[in-house]
Amino acid sequence: MIILKNPDQLAKMRSAGHLLHDVLLQVREMIVPGITTMDVNRYTDELIRKAGAIPTEFGYCGFPASICASIDDEVVHGIPSENVTLMEGSILSVDVTLALDGWQADSAFTVPVGRTTEEKMQLIRVTEECFWKGAAAAINGNRIGDIGYAVQSHAEMHGYSVVRDLTGHGIGRKMHEDPSVPNFGLPGHGSRLRPGMTFCIEPMIAMGKWQVHQLADGWTIVTNDHKPSAHYEHTIAVTAQGKPELLTLPEAKWEEITE
Ligand code: MF3
Ligand code: CO
Ligand code: CO
């Protein structure tokens, strides 16, 4: 069941989203070679709690940390560790969910550690573009499949593939609500989009093939061919007219991002 949000509820989700944006800007800045993924986790956890919010990944289905930190062939759900040091040339995906005043916001980004190859930079760039293509399709009256189709077409046009095992999702009082928002699909298929719908669009794009497996830690998702993958995510709200509101990216300027 899809839960529509009223204007008061949307205002609360906006506050949560703007806080998460602010946190992630600072987290992005700290990512340099030589620190551990646990350093990134600690810093993020502190920023969230200092702001009076709750890092809701911690304890979610038993997840043991406040962020997901996934390196290179790790697609998502990497567990931060004191034993994982960030190496120059790797790419790191950081995925964070928080709750403020009972309302959730969820966002992820991928960055190079120091300098990396043009090949990996292009993967990061195209993954972000996939998000924007999907978000541009999240319009009142469109369908969920229009989003997935837009994401998939853009990824495959660049010779990349879309990881199928995980999807975007509705969000609100809970981290995961209906509907599921796949990064693949057919135009005109799936639930119809309506104002007040809030969900996460989160392309997980693999440089090679899309098949993945889970590590023995019970969380980390890794590409079978061990080629790199990237992740980019924002929480959005469908509006009555035109492009969606990006709850986790307050300064979004559609004109600059899309043609
Ligand atoms: N933030 C994730 C998402 O995009 C959920 C992470 S799983 C958790 O849906 F266990 F880390 F919480
Ligand atoms: Co997320
Ligand atoms: Co999500």
Side-chain angles (χ1 to χ4, degrees), residues 2-3 13 16-25 27-28 37-38 40-42 44-45 47-49 53-71 74-81 84 92-100 103-111 124 127-128 130-131 134-135 138 144 147-148 151 162-184 197-205 212 214-222 229-238 244 246-249:
I2 297 174
I3 304 168
M13 289 191 69
H18 291 193
L19 171 62
L20 180 53
H21 171 68
D22 193 62
V23 166
L24 291 188
L25 280 182
V27 171
R28 203 182 253 273
T37 51
M38 189 57 88
V40 183
N41 179 73
R42 242 188 319 266
T44 311
D45 182 275
L47 288 173
I48 292 172
R49 292 184 196 275
I54 298 166
T56 43
E57 288 180 354
F58 185 80
Y60 180 85
C61 297
F63 190 74
S66 299
I67 70 167
C68 298
S70 311
I71 298 171
E74 298 173 353
V75 181
V76 287
H77 301 170
I79 302 174
S81 165
V84 177
L92 171 70
S93 304
V94 178
D95 184 1
V96 182
T97 310
L98 63 73
L100 181 65
W103 293 87
Q104 308 270 341
D106 183 6
S107 181
F109 62 87
T110 302
V111 284
I124 293 173
T127 301
E128 292 187 8
C130 284
F131 168 83
I144 286 289
I147 297 172
V151 170
V162 166
V163 173
R164 303 282 206 275
D165 303 52
L166 301 123
T167 67
H169 49 90
I171 182 168
R173 286 190 194 274
K174 295 210 284 191
M175 183 194 300
H176 294 139
E177 296 181 353
D178 286 343
S180 169
V181 184
N183 294 303
F184 54 93
M197 283 178 67
T198 49
F199 52 82
C200 295
I201 301 177
E202 49 178 313
M204 289 153 267
I205 305 300
V212 297
Q214 190 174 58
L215 294 188
D217 64 16
W219 283 101
T220 315
I221 304 292
V222 178
S229 78
H231 183 204
Y232 190 68
E233 170 175 30
H234 284 294
T235 302
I236 70 153
V238 177
L246 297 178
L247 299 175
T248 48
L249 189 58

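Counting starts at 1 for both ligands and their atoms, in listed order. Starting from 1, each residue takes its place in the sequence as its number. As a basis for the values below, the full set of heavy atoms in this structure was taken, side chains included, without hydrogen atoms, waters or symmetry mates.
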With H234 as reference, evaluate F199, F109, F131 under the ring pair (Phe, Tyr, Trp, His ring centres under 6.0 Å) test and give the passing residue. F131
Got a second to check how far I205's CD1 is from I124's CD1, nearest 0.5 Å? 13.0 Å
Give the atom numbers and elements of ligand 1 that come within less than 4.0 Å of a heavy atom of E233. 4 (O)
Kindly indicate whether the side chain of S229, heavy atoms from C-beta on, has any atom under 4.5 Å from the side chain of T127. no
How long is the span from the CD1 atom in I3 to the OG1 atom in T198, to the nearest 0.5 Å? 8.5 Å
T235 side chain to T248 main-chain N or O, any donor-acceptor pair under 3.5 Å? no
By number and element, which atoms of ligand 1 are closer than 4.0 Å to a non-hydrogen atom of C68? 6 (C), 11 (F)
So among D45, V23, V94, V27, which one has a side-chain contact (heavy atoms from CB on, under 4.5 Å) with I67? V94
Quick check on contacts: which atoms of ligand 1 are under 4.0 angstrom from a heavy atom of Y60? 8 (C), 10 (F), 12 (F)
Check this for me - ligand 1, E57, N or O atoms closer than 3.5 angstrom, yes or no? yes
Ligand-side contact atoms (ligand 1) for residue partner T97, heavy atom cut-off under 4.0 Å: 1 (N)
For M175, the ligand 1 atoms whose distance to one of its heavy atoms is below 4.0 Å: 5 (C), 12 (F)
Do D165 and V75 come within less than 4.5 Å of each other through their side chains, counting heavy atoms only? no
Around atom 9 (O) of ligand 1, find the nearest protein heavy atom and jot down its residue, atom name and distance. H176 NE2, 2.7 Å
Whether the H176 and Q104 side chains hold a donor-acceptor pair (N or O, under 3.5 Å, no angle test) is what I'd like checked. no
Run the numbers on C68 and V76 for side-chain contact (heavy atoms from CB on, under 4.5 Å), then give the verdict. CA-CA 7 Å; C68 298; V76 287; 6.0 Å; no
Verify the distance test for D95 against the Co ion (ligand 3): any N/O/S atom under 2.8 Å, yes or no. no
With a 4.0 Å cut-off on heavy atoms, does C61 reach ligand 1? no
Are more than 12 heavy atoms, taken from residues, nucleotides or ligands other than L166, located less than 6.0 Å from that residue's CG atom? yes
Is any N or O atom of H77, backbone or side chain, closer than 3.5 Å to an N or O atom of ligand 1? no
Assess C200: does it contribute an N, O or S atom lying under 2.8 Å from the Co ion (ligand 3)? no
Angular separation of E233 OE2 and E202 OE2 about the Co ion (ligand 3), given to 10°: 90°
Atom 2 (C) of ligand 1: the protein heavy-atom neighbour that sits closest, reported with distance to 0.1 Å: D95 OD2, 3.2 Å
For the Co ion (ligand 2): the N/O/S atom of D106 at shortest distance: OD1
Just which atoms of ligand 1 are under 4.0 Å from any heavy atom in H169? 3 (C), 4 (O), 9 (O)
Can you find a non-hydrogen atom of W219 under 4.0 Å from ligand 1? yes
With heavy-atom distances below 4.5 Å as the criterion, would you say the side chains of I2 and D178 are in contact? yes
Give the residue and atom name of whichever protein heavy atom lies nearest to atom 3 (C) of ligand 1, and the separation in Å to one decimal. D106 OD2, 3.2 Å
